[in-house]
Amino acid sequence: MMTSQPRTAGFRQPAEWAPHLSCWVAWPSDLTLWPELSAAQAAFTAMCRAIATPAQQTPGEQLDVIVQDAPALTEAQAALTGLRARFHIMPFGDIWMRDTAPVFLESVSGAVASVRFRFNGWGEKYLYPGDDTLAERVQSLDAQRAFVSSLVCEGGAVESDGEGLCMTTREVVLNPNRNPGLSQADAEAQLQAALGAERIIWLNAGLINDHTDGHIDNIARFVAPSRVLCMRAEAPDDPNCQVLAEIEATLVGEGLEVVTLPSPGLVTARDGRALPASYLNFYIANHSVVVPIFGSAYDEEALRVIGTLFPGRAVIGVNARVFVEEGGTLHCITQQQPAGFSA
């Protein structure tokens, strides 16, 4: 059942630390997109093993793994053996499920639904066949309520605390390459309707060279209701020094409790350009927090700080250099489905 009125139906995006039934991911198998394919598959497998519950244990967090074809299915099954996982053969472009899958919602009573935004390849920069229809195909796999938003947006552009607050960036939602002519007030109304949010907090810009134009999940993350984590620049050559200071000041000005951890500093690509490396692109699983690390001098301190924020969860670092070379890391390639009545 499709509707464009998610808020009136009583659903909202839960906080990521709320219990999950599943984590949706897509197996990397396209050499044209992943020139270091074996390294990408190894890092992807390490991430999945840090997230998912062993097959013999229930309940827990399972994987829903999308694969391109039968050979990719065989590869993925072999890599993820021993984990609770379901596999789905369907066409998709790239593995950035945070943006191409639907955003899952939950009602106060525990019913689960989802909403899909319009997807245009991050402002028509990366238009891969299958990505613009993947969210609808995922929604069609079960009988949950499925909502549709007319806003051009991605899941990585929104961050919710589960109690009515949502963060996003003007650089994405108000960008003419997505929603030309849209006012901030109209964008707020559409985000509130889609996510069941009561208040939208706007940041201006994201990290330098971010392919997405500035996704929120690289620059600010909720770690508790009204409590937000952001980064500070420690190294003198950090290319994001100014923008990180502006982000922290904005969050403090919004009346949030702000916690900081160091930025990875300058992380460079094979061609020497600065990469949008961020420790904030972590995934909060039921029993763990899986954090991208980059071989930076600040990796250990970032893991320590995140560990203090999520007592009771194991904090696991996964080297994400192979992913950030292509534009994102761990949060970008995951999308959680709430447990709802299945908890």
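When reading the values below, keep in mind they use all heavy atoms of this one structure, side chains included, and skip hydrogens, waters and symmetry mates. Nothing fancy with the numbering, it's 1 onward along the sequence. All figures in this text were calculated on a predicted structure; none of them were measured in a lab.
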>> Applying side-chain contact (heavy atoms from CB on, under 4.5 Å) to Met90 and Leu141, what does each step give before you reach the verdict?
In response: CA-CA 11 Å; Met90 64 175 67; Leu141 289 176; 3.8 Å; yes

>> Pair Phe282, His331 - check ring pair (Phe, Tyr, Trp, His ring centres under 6.0 Å), show working.
In response: CA-CA 5 Å; Phe282 53 75; His331 199 248; 7.4 Å; no

> Between Thr329 and Phe294, does a side-chain contact (heavy atoms from CB on, under 4.5 Å) hold up when you go through it step by step?
Replying inline: CA-CA 10 Å; Thr329 62; Phe294 307 97; 4.0 Å; yes

> Hey, mind stepping through Val291 and Val315 against side-chain contact (heavy atoms from CB on, under 4.5 Å) and telling me if it holds?
Replying inline: CA-CA 7 Å; Val291 182; Val315 175; 3.9 Å; yes

>> With ring pair (Phe, Tyr, Trp, His ring centres under 6.0 Å) as the criterion, how do Phe147 and Phe11 come out once you've worked through the C-alpha distance, each side chain's angles and the decisive distance to 0.1 Å?
In response: CA-CA 10 Å; Phe147 300 107; Phe11 289 91; 5.7 Å; yes

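In the hydrophobic cluster analysis, where Ile, Leu, Val, Met, Phe, Trp and Tyr join through side-chain heavy atoms closer than 4.5 angstrom, Ile247 is grouped apart from Leu174. One hydrophobic cluster, built from ILVMFWY side chains closer than 4.5 Å, holds both Phe104 and Phe119. Under a hydrophobic-cluster definition in which Ile, Leu, Val, Met, Phe, Trp and Tyr are linked whenever side-chain heavy atoms come within less than 4.5 Å, directly or via other members, Phe323 and Leu275 are assigned to different clusters. Linking Ile, Leu, Val, Met, Phe, Trp and Tyr whenever their side-chain heavy atoms come within less than 4.5 Å leaves Ile306 and Tyr283 in two separate clusters. Put simply, Ile333 and Ile219 are part of two different groups of oily side chains (I, L, V, M, F, W, Y) that touch within less than 4.5 Å, one to the next.
Salt bridge status for Glu188 with Arg199: absent, with no side-chain N to carboxylate O gap under 4.0 Å. For Glu106 and Arg12, the salt-bridge test fails: no basic side-chain N is under 4.0 Å from an acidic carboxylate O. The existence of a salt bridge linking Arg270 and Glu36 is confirmed by a sub-4.0 Å separation between a basic side-chain nitrogen and an acidic carboxylate oxygen.
Side chains of Ile95 and Trp27 form no contact here, defined as non-hydrogen atoms less than 4.5 Å apart. With contacts defined as side-chain heavy-atom distances shorter than 4.5 Å, the pair Leu83/Arg49 qualifies. At a threshold of 4.5 Å between non-hydrogen side-chain atoms, the residues Leu105 and Val115 count as touching. The side-chain heavy atoms of Leu280 and Met231, taken from C-beta on, include a pair separated by under 4.5 Å. Annotation: side chain of Ser278 is in contact with side chain of Leu207 (closest heavy-atom distance under 4.5 Å).
Remark: the backbone N or O of Arg321 is paired with a side-chain donor or acceptor of Asn319 at under 3.5 angstrom. Under a 3.5 Å cut-off, the side chain of Ser263 and the backbone N or O of Ala233 do not form any donor-acceptor pair. Of the possible polar contacts, one joining the Glu61 side chain to the Asn286 backbone as a donor-acceptor pair under 3.5 Å is found. Looking only at distances, no side-chain donor or acceptor of Asn218 sits under 3.5 Å from a matching main-chain atom of Ala277. Thr74 places a side-chain N or O within 3.5 Å of a backbone atom of Ala70 that can act as its donor or acceptor partner. Under a 3.5 Å cut-off, the side chain of Ser288 and the backbone N or O of Val290 do not form any donor-acceptor pair. Between the side chain of Asn179 and the backbone N or O of Leu182 there is no donor-acceptor pair closer than 3.5 Å. Side chain of Asn240 to main chain of Val243: no donor-acceptor pair is present (N/O by atom type, distance under 3.5 Å, no hydrogens or angles). Side-chain N or O atoms of Gln62 include none that pairs as donor or acceptor with a backbone N or O of Arg86 at under 3.5 Å. Looking at Gln68, its side chain does come within 3.5 Å of a backbone N or O of Phe92 through a donor-acceptor pair.
Here the CD atom belonging to Glu163 is positioned 7.0 Å from the OG atom belonging to Ser226, to the nearest 0.5 angstrom. Taking CG from Leu203 and CD from Glu246, the interatomic distance works out to 10.5 Å, rounded to the nearest 0.5 Å. Rounding to the nearest 0.5 Å gives a distance of 6.5 Å between CD of Glu16 and OG1 of Thr334. Here NE2 of His215 is found 7.0 Å from CG of Asp210. Values are rounded to the nearest 0.5 Å.
More than 12 non-hydrogen atoms from other residues, nucleotides or ligands lie less than 6.0 angstrom from CD of Glu301. The local environment of CD in Gln184 is crowded, with over 12 non-hydrogen atoms from other residues, nucleotides or ligands closer than 6.0 Å.
Between Trp24 and the options Gln337, Gln336, His88, a side chain to side chain donor-acceptor pair (under 3.5 Å) holds for only Gln337. No option in Arg178, Lys125, Arg98 other than Arg178 meets the salt bridge (Lys or Arg N to Asp or Glu O under 4.0 Å) test with Glu154.
Both the sub-6.0 Å distance and the 45° axial angle are not jointly satisfied by Arg227 relative to the ring of Phe222.
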